[in-house]
Amino acid sequence: MNHTFKLLATAAAVLTAAAYGGAKDFPFPVEQADRTQIRQESAWRAAVVPAVRQVTPGDGCFTLTANLRIDTGGDGELDRIGSMLGEYLETTGLTDKNWRPTDIALAVDPGLFPEDYKLDIGTGERITVTGGSPAGVFYGVQTLRQLVNRYKLLQIAELPRMVIEDGPQFGYRGGMLDVCRHFFTVDEVKRYIDILALHKMNKFHWHLTEDQGWRIAIDKYPELTTTGAYRSGTIMGHAAGAHHEFDDIPYGGYYTKDDIREVVAYAAERYIEVIPEIEMPGHASAAIASYPWLGCRGERIPVERAWGVFPDVFCAGKESTFDFLQDVLEEVIELFPSTTIHIGGDECPKVRWEECPHCQQRIADEGLADEHELQGYLMKRIEGWLRERGRNIIGWDEILEGGVSETATVMSWRGSAGGIEAARMGNYVVMAPNSHCYLDYFQHEPVVYEPQGIGGYLPVEKVYTLDPYEGLDDEQKKYILGVQANLWTEYIKHEAHLQYMLLPRLAAIAETGWTGPADKDYEGFRDRMRDLADIYEAEGYKYAKYIFD
Ligand code: ACM
Ligand code: ZN
């Protein structure tokens, strides 16, 4: 039998045998509590995704009430978290009028690590959530939300008594969204952030500039959005197909500065840092379409209508390009308080640079070996400028090719090799290998039954197997900051499709990032996902159900 509720449900089973009714495959009846369980088993017994670190079971149950009071000691920030908890609990539908008043207390104990928390439903008259910082309290609240939701499913208001002590393995747990290939509104972006928060993710990598659209208003360069945010049509079907047709329907959109501030504040209230990506030197067609002098040839090009990699990139020879990039970043860092700015670096063809007198002059003047080193020059120069302003850079793993500074963080996407190389060199790394983290890949075969994807096959079981530490010794492991899910949107036009690609694969990445590779357990994850999927249902999120097949 499945051990998931061996401990949790000792008392609850008696209460719920009737309510349960066999509608879901829950493992009742349960056996007597066994308090000598090893750590990992006890972790997934709490039916939370990502799995918690430690559960100490208590005796009996705690009765929840509809009229609960949340005590925050008058702290404004905890009040806000308490309001969110109130909203989560309102959706439980547990409306039994006979419940007695319950207190839930939220508090900060700086003795804990900032993102750690202790959720105590152990012995007291109240539930307490104590975090090392408000972020830790927020994560404890997410756990409580999931536990309560489980008992909503069972239609009882009893939480088995237990104490959960929990915290993340990795400090960087991210999700990237490409809003350039297809545009998503502020409300849609906020819902993406809600999904990250539910999974205890703490970074939102916002991919804001591309060949097919520039999506962030920059006061000094208005053409970036009047021209660069719109394309005259979009390729139909798959770009890898033999014949290309375009729909000729103008498409675009961008975020005003107020929109950006709204999203950044919304994310911050959920303890998510927004890391903007301003791509350079490649994927720059929309910028060059707006200001042709940014390219090597100085010729006007259109905002791209197809998907792929395109030859016109920022000219790395002309000083005006650096002036432009720095002006843009000046406005970007004013909007985004993140310590890290993503400056792209991937997929930059060198054909224009090879023919460009400015670029060739730069190579000669700087004593660079080739165009790869010219890219390294550009990235390092921009990094230096940002560091003078207190910001670090992160870039895709191609930044290793032209020589990388020791302070750059590498985002490994072409598999894990770039990340492994960077960690061995002593550079910080975020692991987002396409082998495990590219959620634009199909998640089930045969693909004829799936919505259009970019290609590849990445089922949730495979996502779950990511080990960000693979190939690294203990010293090198210290450079792995964490993991990230990437959602590119060439073939994703609508929010429903976006959520379907994201869920539940994001949950698998969240468990790698929070619980850590050593304590993962796919069978347990799949069981716990039934409960998390119920929250997806309650929130109206679309998700793939193959994990339950
Ligand atoms: C990427 O997928 N081109 C980073
Ligand atoms: Zn050039």
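Whatever order the structure lists ligands and atoms in, that order sets their numbers, starting from 1. Both backbone and side-chain heavy atoms feed into the values below; hydrogens, waters and symmetry mates do not.
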Contact (N/O only, under 3.5 Å) between D346 and ligand 1: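 Yes, D346 has an N/O under 3.5 Å of an N/O on ligand 1.
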Any N/O of Y438 closer than 3.5 Å to an N/O of ligand 1? yes
Output field for angle at the Zn ion (ligand 2), C356.SG vs C359.SG, rounded to 10°, should show 110°
Quick check for you: with the Zn ion (ligand 2) as the vertex, what angle do SG of C296 and SG of C315 span, to 10°?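 It is 110°, given to the nearest 10°.
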Taking the six-membered ring for Trp, are [X] and [Y] closer than 6.0 Å centroid to centroid?
{"X": "W206", "Y": "Y255", "answer": "yes"}
{"X": "F322", "Y": "W385", "answer": "no"}
{"X": "Y536", "Y": "H199", "answer": "yes"}
{"X": "H207", "Y": "W396", "answer": "no"}
{"X": "H182", "Y": "W307", "answer": "yes"}
{"X": "Y469", "Y": "F170", "answer": "yes"}

Which of the numbered atoms in ligand 1 are under 4.0 angstrom from any heavy atom belonging to W488?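 Listed by number with element, the hits are 1 (C), 2 (O), 4 (C).
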List every atom of ligand 1 that sits less than 4.0 Å from any heavy atom of E347, numbering the atoms from 1 in the order shown and giving each element.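 Here the atoms of ligand 1 in question are 3 (N).
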Do you see an N/O/S atom of H358, backbone or side chain, under 2.8 Å from the Zn ion (ligand 2)?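 So H358 does not count as coordinating the Zn ion (ligand 2).
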